[in-house]
K.L.:
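Let me begin by handing over the structure; questions about it come next.
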Amino acid sequence: MTIHLVKLCVGAISIEDLAEWQAGRIAEARKNATKTKLFHTTFQTPKRHEELLDGGSLYWVIKGKIQVRQRLIGLEQGKKEDGSQCCLLLLDPELVPVRPVP
């Protein structure tokens, strides 16, 4: 059974703003000759990862409403800038607008 995640998109004021920010991250990674994976970090690794990766998406809450989704394509262990462990939610770069829901 497919499941989805809902996350707050802190700092973004629109879908276009999120798209610009993600494009900037990809461009910076290419500039630094690092892998160009698009990801979101979270402290906890989802326990139901098989169901998430079976067609699941990350739904972004922007300005108090779910406005857009991105397909989850993988999970990896990573480290935040401060060195603490985290989970990387690997995302498809396509942003799919949805009917806004509070």
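Computed from a prediction, not measured in an experiment: that's the story for all the values here.
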K.L.:
When rounded to the nearest 0.5 angstrom, what is the spacing between SG in C86 and CZ in F39?
P.N.:
7.5 Å
K.L.:
Taking the side chain as everything from C-beta on, heavy atoms only, tell me whether Q22 gets closer than 4.5 Å to L95.
P.N.:
yes
K.L.:
Any idea which heavy atoms bring V68 and V98 closest together, and the distance?
P.N.:
N-CG2, 3.7 Å
K.L.:
Calculate, to the nearest 0.5 Å, the distance between atoms CG and CG belonging to L53 and L90 respectively.
P.N.:
8.5 Å
K.L.:
Determine whether V61 and L5 fall in the same hydrophobic cluster, where Ile, Leu, Val, Met, Phe, Trp and Tyr are linked whenever their side-chain heavy atoms lie under 4.5 Å apart.
P.N.:
no
K.L.:
Has E51 got more than 12 heavy atoms of other residues, nucleotides or ligands less than 6.0 Å from its CD?
P.N.:
yes
K.L.:
Are L58 and K7 side-chain neighbours, meaning at least one heavy-atom pair lies under 4.5 Å?
P.N.:
yes
K.L.:
Do Q67 and Y59 have side chains that get closer than 4.5 Å, going by heavy atoms?
P.N.:
no
K.L.:
Could you tell me whether the side chain of T2 and the main chain of D54 form a donor-acceptor pair under 3.5 Å?
P.N.:
yes
K.L.:
Do H40 and W60 come within less than 4.5 Å of each other through their side chains, counting heavy atoms only?
P.N.:
yes
K.L.:
Answer with yes or no whether the hydrophobic clustering places V10 together with I66; edges join I, L, V, M, F, W, Y residues whose side-chain heavy atoms lie under 4.5 Å apart.
P.N.:
yes
K.L.:
Quick one, K80 with T41, criterion side-chain contact (heavy atoms from CB on, under 4.5 Å). Give me CA distance, side-chain angles, the key distance, then yes/no.
P.N.:
CA-CA 8 Å; K80 291 193 169 221; T41 59; 3.7 Å; yes
K.L.:
Any non-hydrogen side-chain atom of E20 less than 4.5 Å from a side-chain atom of L18?
P.N.:
no
K.L.:
Closest heavy-atom contact between P46 and L89?
P.N.:
CG-CD2, 4.1 Å
K.L.:
When you check the side-chain N and O atoms of T45 and Q77, is any donor under 3.5 Å from an acceptor?
P.N.:
yes
K.L.:
Counting N and O atoms only, with roles assigned by atom type, does the side chain of H4 sit under 3.5 Å from a partner on the main chain of S57, one being a donor and the other an acceptor?
P.N.:
yes
K.L.:
Please tell me if the side chains of Q70 and L38 come closer than 4.5 Å, counting only heavy atoms from C-beta onward.
P.N.:
yes
K.L.:
List the atom of C9, the atom of I62, and the distance in Å for their closest heavy-atom pair.
P.N.:
CB-CG1, 3.7 Å
K.L.:
Quick one: pull up CZ in R69 and CD1 in I15 and give me the separation to the nearest 0.5 Å.
P.N.:
12.0 Å
K.L.:
Search all heavy atoms of Q44 against all heavy atoms of C87 and return the closest pair with its distance.
P.N.:
O-CB, 3.9 Å
K.L.:
Under 4.5 Å between any side-chain heavy atoms of K37 and L88, yes or no?
P.N.:
no
K.L.:
Tell me, yes or no, whether the heavy-atom count around K31 atom NZ, taken from other residues, nucleotides or ligands under 6.0 Å, exceeds 12.
P.N.:
no
K.L.:
Heavy atoms, side chains only, cut-off 4.5 Å: are R71 and L91 in contact?
P.N.:
no
K.L.:
At what distance, to the nearest 0.5 angstrom, does CD1 of I3 lie from CD of E50?
P.N.:
10.5 Å
